[in-house]
Amino acid sequence: MRASRDEISGIGMTSQRTRDRLVQRLRDEGIRDLRILDLIRNTPRHVFVDEALASRAYEDTALPIGYGQTISQPYVVAKMTAALIPEGIPGRVLEVGCGCGYQSAILAQLAKKVFTVEVIEELLVRAKQRFRKLGLRNIRCKLADGNFGWAQHAPYDAIIVTAAPTDIPQALVDQLREGGRLVIPVGEQGMQELLLGIKQDGKLEITRLDLVSFVPLVRGSGR
Ligand code: SAH
């Protein structure tokens, strides 16, 4: 069943003013892309967290989503999204680490099609319910180890990884189209570098974007 308009926009639960304050904060921190700021203003982040945390959904902070995982901080979502789209809207995007689905929902409103993989089934089931509720029909989900990408739909114009490996998985480089963009946090737990890689002649040209803290990209689920 589709949610009512008010439920989706969050009127009464999280006021427009709270959302505007978040967007202002992102602007102050250097996020300039108006498409992204508008999407963050209009995408109901409280739908992606437990009801008990809904009142904190428009704070610029990561929040727990269960199973030891988190919903990314809005600033980081904005920054990663901005790094993927400077040359226009990508056709096909692969996301590794769907989690609650917030980043996928932002991407789905920019790209033609989003493919997202996740290793924790319960999170994926709930993310799918949210996509349905919000009427986002261009997201395909798969329970799989993102270290191997999703070869079936490659090549991708852009790939975003929302959990941190210690090295960039080669499958992701292989599944990125020439000229395509990969945004990925790389490093040990606690502190990683957010990297942008642009594929040139089969290899990534890397730029460092920021320091971030993501949950680890788990390895070896064998899928
Ligand atoms: N994209 C989310 C952030 C989710 S946190 C957001 O919008 O907020 C990172 C997610 O990556 C977790 O749900 C975790 O289960 C998942 N993950 C970790 N290792 C993975 C792997 N090897 N393949 C796919 N997903 C993985």
Side-chain angles (χ1 to χ4, degrees), residues 22 26 36 39-40 43-50 53-54 56-84 93-111 114-131 134 136 139-154 156 158-173 175 182-190 192 194 212-223:
L22 170 61
L26 298 181
I36 294 174
L39 283 176
I40 291 199
T43 303
R45 190 167 181 257
H46 65 269
V47 168
F48 293 85
V49 297
D50 275 357
L53 287 171
R56 300 189 55 199
Y58 299 94
E59 292 176 16
D60 188 22
T61 176
L63 293 168
I65 55 171
Y67 309 93
Q69 308 302 323
T70 54
I71 180 171
S72 298
Q73 180 189 356
Y75 170 77
V76 173
V77 170
K79 180 111 186 172
M80 292 177 88
T81 307
L84 290 181
V93 180
L94 172 67
E95 178 190 34
V96 174
C98 178
C100 63
Y102 179 69
Q103 173 76 72
S104 342
I106 296 282
L107 287 170
Q109 297 172 78
L110 286 165
V114 175
F115 299 88
T116 183
V117 297
E118 170 58 54
V119 275
I120 300 177
E121 185 165 17
E122 293 82 352
L123 289 177
L124 200 59
V125 167
R126 272 149 67 185
K128 278 188 201 165
Q129 290 167 350
R130 294 180 181 116
F131 301 150
L134 297 174
L136 296 168
I139 306 175
R140 294 269 307 270
C141 305
K142 185 178 157 186
L143 185 68
D145 181 350
N147 282 290
F148 304 104
W150 191 346
Q152 193 188 344
H153 303 288
Y156 300 98
I159 300 180
I160 181 169
V161 183
T162 66
T166 47
D167 294 297
I168 298 177
Q170 184 57 39
L172 300 184
V173 182
Q175 291 174 24
L182 167 69
V183 179
I184 183 167
V186 177
E188 302 297 332
Q189 197 158 2
Q192 302 105 16
L194 185 62
V212 287
S213 176
F214 275 85
V215 296
L217 185 75
V218 299
R219 295 181 67 107
S221 78
R223 251 179 269 265

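Ligands are counted one by one from 1 in listed order, and the atoms in each one are counted from 1 as well. Model, not experiment: these values are computed from the prediction. Below, all heavy atoms of this structure are taken into account, side chains as well, without hydrogens, waters or symmetry copies.
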Going by the rule side-chain hydrogen bond (donor to acceptor under 3.5 Å, both in side chains), which residues pair with Gln189 if we only count those two or more places apart in sequence or in a different chain? none
Close N/O pairs between ligand 1 and protein, under 3.5 Å:
residue  : atom   : partner : partner atom : Å
ligand 1 : 1 (N)  : Glu95   : OE2          : 3.1
ligand 1 : 1 (N)  : Gly97   : O            : 2.9
ligand 1 : 1 (N)  : Thr162  : OG1          : 3.1
ligand 1 : 7 (O)  : Gln103  : N            : 2.8
ligand 1 : 8 (O)  : Ser72   : N            : 2.8
ligand 1 : 13 (O) : Glu118  : OE1          : 2.8
ligand 1 : 13 (O) : Glu118  : OE2          : 3.3
ligand 1 : 15 (O) : Glu118  : OE2          : 2.6
ligand 1 : 19 (N) : Val218  : N            : 2.9
ligand 1 : 22 (N) : Asp145  : OD1          : 2.8
ligand 1 : 22 (N) : Val218  : O            : 2.7
ligand 1 : 23 (N) : Gly146  : N            : 2.8

Hey, does His46 have a side-chain heavy atom less than 4.5 Å from the side chain of Tyr58? yes
Sequence neighbours left out, cut at 3.5 Å: what donor-acceptor pairs do the side chains of residues 95-103 make with other protein atoms?
residue : atom : partner : partner atom : Å
Glu95   : OE1  : Ser104  : OG           : 2.7
Glu95   : OE1  : Thr116  : OG1          : 2.8
Gln103  : NE2  : Thr81   : OG1          : 3.0

Tell me whether Asp167 is salt-bridged to Arg219, with the criterion being a basic N under 4.0 Å from an acidic carboxylate O. no
Can you tell me how far the CE atom of Met80 sits from the OG1 atom of Thr162, to the nearest 0.5 Å? 6.5 Å
For residues 64-81, pull every pair meeting salt bridge (charged side-chain N to carboxylate O under 4.0 Å, His left out), keeping only residues two or more places apart or in separate chains. Lys79-Asp210
